[in-house]
Amino acid sequence: MVASVVQRLFPGTQVTIGPSTEDGFYYDFFRKEPFTPEDLERIEKAANEEIKRDLPFVRKEVSREEALQLFDKLGETFKKEIVEDIFSKGAKTLTLYSHGDWVDFCLGPHAPSTGRIGVIKLLNVAGAYWRGDHRNPQLQRIYGTAFFDKKDLDAWLKQQEEARKRDHRKLGKELDLFAFHPAAPGAVFWTHRGTLLFHALSNAMRGLCLRNGYQEIKTPLMFNKMLWERSGHWGKYRENMFLVLDPESKEKDIDERATFSLKPMNCPSHYLFYQMKKHSYRELPIRYHTQDVLHRNEATGVLSGLTRVRQFQQDDAHVILMESQIADEVKRLTELIKKVYDALGLGFRAKFGTRPPQRIGTDEMWDRAEAGLRAAIEQTGVDWMENPGDGAFYGPKLDFAVKDSIGREWQLGTIQLDYNAPERFELGYVGEDNKEHRPVVIHRAIYGSFERFIAILIEHFAGNFPVWLAPTQARIITVADRHMEWAREVHARLQEGGLRIEADESSEKLGAKIRDAQLMKIPYTLVIGDKEVEGRGVSPRKHGEGKEADLGFQQLDAFAAKLSAEARPPY
RNA sequence: GCCGACAUAGCUCAGUCGGUAGAGCAACGGUUUCGUAAACCGUAGGUCGCCGGUUCAAGUCCGGCUGUCGGCUCCA
């Protein structure tokens, strides 16, 4: 119906496709002039008037010839292309739906009439490529949604607005966690508070890896291009790599001038590391964990807050193992991921990417690899779906995805089998038979990148971090200056216990200091006045509103023990 | 990279028709010493993202660039 209104208001506009989405719909149009925000308002108004006319939707089945003739007459070249497609895939007829004198095809079903639609709200307009291919003409996509009545729409809009309040970019500024500067697009400035949060996560992962048979290593950040040629990155990934060019070189070709590249991934350097010694089958699986900085030269248009950056760190690991160990290892990994996500309360979905059309290795190998992954995921009981053909060319994978506050799904953790790398790098181990064998590699990350993971966590907790993650775990505030001495002692003693404590020594009133601490979403505010000085204790106030917030007087040692317990990572 | 929008003080934002930039908070100085979400008075703070153009005059209009945002493509 929106398309019919667009064609009436903007003659000459061609229609293409207009499917429904999770929370609304979009329709792609081909028109030279861009739709302005004002145009959207006009379209929305006209569409809602059309609803009131309550025109019936009429269904009709037509043959290929009839359909082509119809859309040819209407001058709808994009529609004709889809019609051809539908019939070439074996359809016998095409279902048309019309209302008034406007007609489109659709599998249906449709509502009986336009009056049933309720209320339409157009949200925004964006560019999109015909058939999702950037070599094709660019279309204009109008996004919108519809509800049975205005009240539901308003409620939904309000909810969207609430979600935007927990946007990590907004909270990152408000809670003083990170910043960006035009001088380094896509690279994060972590503030002290943000760095504390980063390290809390990073150290928890270190501990987890240490307890699960990993060795943490660090490898160079920059490598001679010969390494990338060997790994295949030079051929497949070079446009995403930051290259170091030889200033002396007179070569025009950037390929020839390049000498080194910043690493976009850790894998090749882990293979080099593995090869520095000879390995026995008894050592396998060997697990290397690295949290080094990576650089990927992402296209300007895709950068977005912390979720898509050019410089980032992963909780990356590569497991080198025998094929017979895959099923067991994948199960352990899936359980590890589940443990971490569950501890944080993150709802996630696993996506099982199976063999793509373009791939290496035998079908028998893929059968084994996919079966191993499938068995592992089924045993752990996590929510998963199959993404046929979404595996990497070198092996199948499991991706773990979580939604952000506005509903966009981001891939975080991943488990990928790799049969290609061991060949390229000629990795080997000495087997029981005293002969050289080829191992398999598993690439895995649990957080994915710290940057993206932190973005998701900020939105998930709306900035209200649990004590173990909170940059400041408690802030000390005094009622009057005469309480400063005890406050400083409390500060020092808690800090000595390894806790992240700060003190507000300003001359503000208590209420103002409480408010400041609350706005920073600090888990505990420790009030110190006459009572606390005398009793050698503190009066903690838990973050959040309400009468229960004030926990009342507590001895310092008792509170310190409680806070320390809460400060321990849950994994 | 492509399409569109946006860019004003540290932050959030106002700035009408083109006539020489403003608020609140934060900061700084002073006063205040107070018991659970904002004490009071004062001061300072700006190359209106950058470059160019139109104009007697540009935050305002036009063009280019950079960055950000919403999508698309991409995402080993």
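Keep in mind it's a predicted model, so treat the numbers as computed, not measured. The sequence lines fix the lettering, A, B, ..., with proteins before strands; numbering per chain opens at 1.
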Scan residues 285-309 of chain A against RNA chain B and write down, sorted by residue number, each residue with any heavy atom closer than 4.0 Å; if none is found, say none. A/R296, A/A299, A/T300, A/G301, A/V302, A/L303, A/S304, A/G305, A/R308
Which part of the nucleic acid does A/Y143 contact within heavy-atom distance under 4.0 Å: base, sugar-phosphate only, or nothing? sugar-phosphate
Among residues 233-240 of chain A, which contact RNA chain B at a heavy-atom distance under 4.0 Å? A/H233, A/K236
How many whole angstroms separate atom OH of A/Y26 from atom C1' of B/G70? 15 Å
Check the interface with nucleotides 6-12 of chain B: list each N/O to N/O pair with the protein under 3.5 Å, or write none.
{"from": "B/U12", "atom 1": "OP1", "to": "A/K173", "atom 2": "NZ", "distance (Å)": "3.1"}

Expressed as a whole number of angstroms, how long is the span from A/Q160:CD to B/G70:C1'? 13 Å
Expressed in whole Å, how much space separates the P atoms belonging to B/G1 and B/C65? 11 Å
With nearest nucleotide decided by heavy atoms, which residue, A/Q140 or A/A128, maps closer to the 5′ end of RNA chain B? A/Q140
Separation between the C1' atoms of B/U47 and B/G59, rounded to whole Å: 12 Å
If one requires at least 3 consecutive Watson-Crick or G-U pairs with distances under 3.5 Å, the stems of RNA chain B turn out to be B:1-7 with B:66-72, B:10-13 with B:22-25, B:27-31 with B:39-43, B:49-53 with B:61-65
Rounded interatomic separation in angstrom, taking CZ from A/F29 and C1' from B/C72: 16 Å
For A/F180 and B/U66, what is the distance between atoms CZ and C1' respectively, to the nearest whole Å? 16 Å
Contact nearer the 5' end of RNA chain B, comparing A/G132 with A/H181: A/H181
Can you tell me if A/R169 touches the phosphate of B/C69, counting only side-chain N or O atoms and a distance under 4.0 Å to OP1 or OP2? yes
For nucleotides B/A38 and B/C25, find the distance between their P atoms and express it as a whole number of Å. 14 Å
Using a heavy-atom distance cut-off of less than 4.0 Å, which residues of residues 443-451 of chain A contact RNA chain B? none
With C1' as the reference atom in both, quote the distance from B/C61 to B/G19 in angstrom, rounded to an integer. 15 Å
Inter-nucleotide P distance (B/A21, B/U31), Å rounded: 35 Å
When the C1' atoms of B/U8 and B/G45 are considered, how many whole Å apart are they? 14 Å
Which value, in whole Å, describes the distance between the C1' atoms of nucleotides B/G46 and B/G15? 14 Å
Rounded to whole Å, CZ of A/R310 lies from P of B/C74 at a distance of 18 Å
Please lay out, stage by stage, how A/F35 and A/F10 fare under the test ring-ring contact (aromatic ring centres under 6.0 Å, His included). CA-CA 10 Å; A/F35 291 116; A/F10 303 93; 5.3 Å; yes
A/R141 has an atom CZ; how far is it from atom C1' of B/G71, in whole Å? 8 Å
Kindly assign one of parallel, tilted or perpendicular to the pair A/Y26 and A/Y143, based on the angle between their ring planes and the thresholds 30° and 60°. tilted
Please give the distance between the P atoms of B/C62 and B/G22 as a whole number of Å. 25 Å
Ring geometry between A/H443 and A/H318 (parallel below 30°, tilted from 30 to 60°, perpendicular above 60°): perpendicular
Could you write nucleotides 30-40 of chain B as a row of B, S and -, 5' to 3', where a protein heavy atom under 4.0 Å of any base atom gives B, of only sugar-phosphate atoms gives S, and otherwise -? --BBBBBBBB-
